Amino acid sequence: MTVWSLSCGLSLVAAVLTWQSGAAGRAVAALPGFASQSRTARPDRAGPRSGLSAATRRLAVGCSVVAVLLLVPTPLGWLLAAAAAGALNAWLVRQPGRAQLAAEARVRRQLPLALELMAAALTSGATTSVAVSLAARGCGPPISRPLNEVAASLGLGAAPDEAWRPVQRHAALQPVGRLAVRSTASGAAMAGACRELAGHEREAGVVEAQVAIKRAGVLTVLPLALCFLPSFVLVGVVPIVVGLLRSLAL
């Protein structure tokens, strides 16, 4: 019974973390050709919410407490359970929320198109601020918000490192900011650099999607394995061990 209860607690924790990661959905969404929601997505007025919900954190922390108490049913177990609950809650609070992960995934999908639009505008003779504004209008939210801020700053004559600071909020857009600042400082052709970065991002997206799909299969099977492994031990291993012990006692 203790083994079964412990396995159920661990299974609930694994199921919560697996559901939160959403690896399968993000992997499929990152594949090239997936129906983009860039034009129909709602703008993130208040920004994506970070961290798990309070109910999800309480469920995971409660399961960890039950698992530790069943594993160590002594007064020391209460101390270990409190320490495990505090550590798990602190770790879960630092994890990004599903909305933030979805927004970052949409930015990654839109980035190659935005770079290609910027490169086309720059090649035709447009200024950097105009090229960034055209890319923002062509892609839509959520990537349009930081790009519009960059275009407005460039139009007002801000320094490149200051103007491209809004893109630093998104990890996927940080290479664009570094590319733009470097191109301005060194005089390199930004249009060619944008095309090269767009190709690199498309290839990286395909590789990451394939890896995420394979990882999603493992994460999906993990809760099932945690449930069935104790049954295998109890049905297949324990009877053999008990039979051997009885034969040795006789």
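When reading the values below, keep in mind they use all heavy atoms of this one structure, side chains included, and skip hydrogens, waters and symmetry mates. Keep in mind the model is a prediction, meaning the values are calculated, not measured.
Residues I240 and V233 fall into different hydrophobic clusters, defined by Ile, Leu, Val, Met, Phe, Trp and Tyr side chains chained together at heavy-atom separations under 4.5 Å. Residue F232 is grouped with residue L234 when hydrophobic side chains (ILVMFWY) are merged at heavy-atom distances under 4.5 angstrom, including chains of intermediate members. L244 and V242 fall into different hydrophobic clusters, where Ile, Leu, Val, Met, Phe, Trp and Tyr residues are linked whenever their side-chain heavy atoms come under 4.5 Å apart, directly or through other members. Under a hydrophobic-cluster definition in which Ile, Leu, Val, Met, Phe, Trp and Tyr are linked whenever side-chain heavy atoms come within less than 4.5 Å, directly or via other members, L134 and V176 are assigned to different clusters. Under a hydrophobic clustering in which Ile, Leu, Val, Met, Phe, Trp and Tyr are joined whenever their side-chain heavy atoms come within less than 4.5 Å, directly or via other members, L156 and V132 fall into different clusters.
E162 is linked by a side chain to side chain donor-acceptor pair (under 3.5 Å) to R165, counting only residues two or more places apart in sequence or in another chain. Applying the salt bridge (Lys or Arg N to Asp or Glu O under 4.0 Å) test to E203 and every residue at least two apart in sequence or in another chain returns nothing.
Taken to the nearest 0.5 Å, the CZ atom of R202 stands 11.0 Å off from the CG atom of L197. To the nearest 0.5 Å, atom CG of residue L154 and atom OG1 of residue T127 are 8.5 Å apart. With rounding to the nearest 0.5 angstrom, the CG atom of L117 is 11.0 Å from the CG atom of L122. Atom CZ in R58 sits 10.0 Å away from atom CG in N89 (nearest 0.5 Å).
In plain terms, the two heavy atoms of A85 and V65 that are nearest each other are CB-CG2, 3.6 Å. Smallest separation of non-hydrogen atoms from A163 and V150: O-CG2, 3.4 Å. Annotation for A136 and L147: closest pair CB-CB, 3.7 Å, computed over non-hydrogen atoms. Taking each heavy atom of L111 and L173 in turn, the nearest pair found is CD1-CD2, 3.6 Å. Counting all heavy atoms, side chain and backbone alike, V181 lies closest to P160 at CG2-O, 4.0 Å. Closest non-hydrogen pair, S144 versus P141, comes out as OG-N, 3.2 Å.
No side-chain heavy atom of R106 sits less than 4.5 Å from a side-chain heavy atom of I143. Side-chain contact between L80 and V72 is present, with heavy atoms from C-beta onward closer than 4.5 Å. For the pair Q210 and I213, the minimum side-chain heavy-atom distance is 4.5 Å or more. Counting heavy atoms from C-beta outward, Q110 and P142 have side chains that approach closer than 4.5 Å. Using a 4.5 Å cut-off on side-chain heavy atoms (C-beta onward), R195 and T123 make contact.
Side chain of E201 to main chain of L113: no donor-acceptor pair is present (N/O by atom type, distance under 3.5 Å, no hydrogens or angles). Proximity of a side-chain donor or acceptor of S64 to a complementary backbone N or O of V61 within less than 3.5 Å is detected. Listed for the S133 side chain is no donor-acceptor partner under 3.5 Å among the backbone atoms of S129. Not one N or O on the side chain of S183 forms a donor-acceptor pair closer than 3.5 Å with the backbone of A180.
Other residues, nucleotides and ligands contribute over 12 non-hydrogen atoms within 6.0 Å of the CD atom of Q168.
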query = Hey, mind stepping through W164 and L179 against side-chain contact (heavy atoms from CB on, under 4.5 Å) and telling me if it holds?
reply = CA-CA 10 Å; W164 288 93; L179 179 150; over 6 Å; no
